[in-house]
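Structure first, commentary second.
Just so it is clear: chains get the letters A, B, ... in the order the sequence lines come, proteins before strands, and each one is counted from 1. Everything numeric here is computed off the predicted structure, so don't read it as measured data.
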Amino acid sequence: MPEVVQEDQAQSLGRKASYWRQALRRRVLNWFGAHARDLPWRRTSDPYRVWVSEVMLQQTQVATVVSYYERFVARFPNVETLARANEREVLKLWEGLGYYRRARQLHRTAKQVVENHGGEFPSDFESVLSLPGIGRYTAGAILSIAFDQRHPILEANTIRLLSRLVASREDPASSAGTNSLWRLAEDLLPRKKVGDFNQALMELGSEICSPRSPKCAECPVSNLCEVNRLGLQTEIPAAKTKTNYENVNEVAVVVWRGNRVLLRQCREDERWAGLWDFLRFGVSDSGNRRRTFIAKTVADWTGGFDRHHR
DNA sequence: AATTCGGGGAT
DNA sequence: ATCCCAGAATT
């Protein structure tokens, strides 16, 4: 019976995947137990402090955050003291960290927590997610670390780690790539010690599974890792497509006739496709031939003003 | 989907 | 020099 055979294969694959996940959870957690760095925010499960650390750590390296975090929670030991502070002082303690919107939103959120949640940091996902400056990553991190709730996380370290574990060729920056990584992160979660597990993945990504030359020889999950098996560490994840900025010198010519102004509609194959613009010229080449060309083009367009204007 | 927000660490 | 960092919000 084909159906029975298919069922057996599916069950077999399911058992394999289940074994793989369990082995991975166990090894990741054991490794973390032995190698976790002693970071100040790991000495507490106070949701307020976990929250402060997570916001400070957004796009900011651990080494940079430590001293800022310690100074901040010393001055504002709980959500009430932060809510009562004035914004200038909060910003002053943030000075040098960058992304200053985070400080303002942290302050706003503290006030909201006092106002709407009786000063107790909310513990349900939707409430936390709705707070200013808290997205899917930060909400999952706070709830898993502070309350051991079963929420996945996905950020710089685990994007790299998970992409390599399954040798994903998808671009992690694309929405499809991001979606499959979130799904994987969710599949991997253990039932207990979720916060430890999430932190362990990040620690592993940061300390072992580094961008350029990952230390696979020291990695506790190297023999569960598809990239390691294939030797594709330098290929995966795909390099970020860097936005290239080119300096452009342009001159725009504004031609008036009465209360009307001359515009042209950009071709589909140029920048501002389909949009209306002044006559615009690159001036990287400022030689005479270029000037002649510009003068002639302006004359042509000006001559046809009545046909082309809008 | 692409940009913006930033200062500093790692290579 | 260049890449990258415990992302979120906006357009």
Side-chain angles (χ1 to χ4, degrees), chain A residues 28 32 35-42 44-45 47 49-69 72 91-109 112 125 128-146 151-164 170-179 181-182 185 194-215 233-234 237-246 271-273 275:
Chain A
V28 165
F32 189 61
H35 294 91
R37 287 170 292 179
D38 179 24
L39 302 173
W41 47 87
R42 286 186 178 157
T44 176
S45 61
R49 296 188 179 221
V50 173
W51 164 54
V52 170
S53 74
E54 287 303 336
V55 172
M56 283 188 170
L57 285 162
Q58 288 168 6
Q59 290 293 287
T60 310
Q61 296 184 149
V62 166
T64 305
V65 167
V66 172
S67 61
Y68 281 89
Y69 170 83
F72 195 92
L91 281 169
K92 187 66 184 171
L93 287 180
W94 209 271
E95 201 170 64
L97 255 192
Y99 289 114
Y100 299 98
R101 180 169 60 180
R102 293 182 295 175
R104 291 201 166 93
Q105 288 172 323
L106 201 73
H107 189 215
R108 267 210 294 153
T109 293
Q112 284 187 26
F125 188 81
V128 175
L129 187 61
S130 74
L131 295 169
I134 297 183
R136 186 173 177 185
Y137 162 76
T138 304
I142 294 172
L143 290 180
S144 64
I145 295 171
H151 299 287
I153 55 144
L154 189 64
E155 44 70 69
N157 295 304
T158 59
I159 287 171
R160 189 173 56 250
L161 177 70
L162 298 184
S163 294
R164 283 175 172 161
E170 278 184 309
D171 177 6
S174 71
S175 57
T178 300
N179 284 338
L181 287 175
W182 273 107
V194 184
D196 284 347
F197 182 75
N198 281 339
Q199 293 186 81
L201 290 181
M202 293 190 278
E203 191 90 342
L204 203 47
S206 167
E207 302 304 296
I208 302 292
C209 200
S210 46
R212 308 293 178 78
S213 43
K215 304 168 184 165
Q233 287 89 335
T234 59
K240 284 173 188 163
T241 56
K242 58 172 191 296
T243 322
N244 242 338
Y245 297 96
E246 184 189 359
R271 194 152 57 105
W272 312 117
L275 302 181

Query - Closest-nucleotide 5' rank along DNA chain B - winner of A:Ala176 and A:Ser213 - result: A:Ala176
**Report entry** Distance test, side-chain N/O of A:Arg212 to OP1/OP2 of C:dC4, below 4.0 Å
**Finding:** no
Query raised in the report: Is it true that a side-chain atom of A:Arg164 and a backbone atom of A:Gln233 form a donor plus acceptor pair closer than 3.5 Å?
Result: yes
**Report entry** Separation of atom CD1 in A:Ile159 from atom C1' in C:dG7, rounded to whole Å
**Finding:** 9 Å
Report task. Nearest whole angstrom, please: distance from the P of B:dG6 to the CZ of A:Arg102. Result -> 9 Å
Query raised in the report: How far, in whole Å, is C:dA6 from B:dA10 if one measures between their P atoms?
Result: 11 Å
Requested in this report: Determine the interatomic distance between C1' on B:dC5 and the same-named atom on C:dA1; round to the nearest Å.
Outcome: 22 Å
Requested in this report: Using a 4.5 Å cut-off on heavy atoms from C-beta on, say whether the side chain of A:Leu204 contacts that of A:Phe32.
Outcome: no
Query raised in the report: Between A:Lys240 and C:dC5, is there a side-chain N or O to OP1/OP2 distance below 4.0 Å?
Result: yes
Query raised in the report: Rounded to whole angstroms, how far apart are OH on A:Tyr100 and C1' on B:dG6?
Result: 7 Å
**Report entry** Candidates C:dC3, C:dA6, B:dA1 - which lies nearest the side chain of A:Leu57
**Finding:** C:dA6
Requested in this report: Check whether any side-chain heavy atom of A:Val62 lies under 4.5 Å from a side-chain heavy atom of A:Arg37, and answer yes or no.
Outcome: yes
Query raised in the report: Between A:Glu170 (CD) and B:dA1 (P), how many Å, whole number?
Result: 12 Å
Query raised in the report: In whole angstroms, how far is the P atom of B:dG9 from the CG atom of A:Leu97?
Result: 12 Å
Query raised in the report: If only side-chain N and O atoms of A:Ser175 are considered, is one of them under 4.0 Å from the OP1 or OP2 phosphate oxygen of B:dA1?
Result: yes
Report task. Would you give the length of the straight line joining atom CD of A:Gln58 to atom OH of A:Tyr137, rounded to the nearest 0.5 angstrom? Result -> 8.5 Å
Query raised in the report: Between A:Gln59 and C:dG7, does any side-chain N or O lie under 4.0 Å from OP1 or OP2?
Result: yes
**Report entry** Any residue of residues 129-142 of chain A with a heavy atom less than 4.0 Å from an atom of DNA chain B
**Finding:** none
Query raised in the report: Between C:dC4 atom P and A:Gln61 atom CD, what is the distance in whole Å?
Result: 12 Å
**Report entry** Separation between the P atoms of C:dT10 and B:dG6, rounded to whole Å
**Finding:** 14 Å
Query raised in the report: Can you tell me if A:Tyr68 uses its side chain to pair, donor with acceptor, with the backbone of A:Glu95 under 3.5 Å?
Result: yes
Query raised in the report: Roughly how many Å is it from CG in A:Asn157 to C1' in C:dG7, rounded to a whole number?
Result: 12 Å
Query raised in the report: Reckon A:Arg160 touches a base, only the sugar-phosphate, or nothing at all at heavy-atom distances under 4.0 Å?
Result: sugar-phosphate
Report task. Give a yes or no answer on whether the side chain of A:Ser163 reaches the backbone of A:Arg160 with a donor-acceptor pair at less than 3.5 Å. Result -> no
Query raised in the report: Which is true for A:Val62 with a 4.0 Å heavy-atom rule: it touches a base, it touches only sugar-phosphate, or it touches nothing?
Result: sugar-phosphate
Report summary line: Residue pair A:Tyr99/A:Pro211 against DNA chain C: nearer the 5' end by closest nucleotide is A:Pro211
Query raised in the report: Tell me, do A:Val55 and A:Gln105 make a side-chain contact under 4.5 Å, heavy atoms counted?
Result: no
Query raised in the report: Does one side chain, of A:Gln112 or A:Thr109, offer a donor that lies under 3.5 Å from an acceptor on the other?
Result: no
Report task. Could you check whether A:Trp41 gets within reach of a base, just the sugar-phosphate, or nothing at all, counting any heavy atom under 4.0 Å? Result -> base
Report summary line: Whole-Å distance, A:Gln105 CD to B:dG6 P, equals 11 Å
Query raised in the report: So, does the side chain of A:Thr64 form a donor-acceptor pair with the base of B:dG7 at under 3.5 Å?
Result: no
Report task. May I ask you to verify whether the side chain of A:Arg101 and the base of C:dA8 hold a donor-acceptor pair under 3.5 Å? Result -> yes
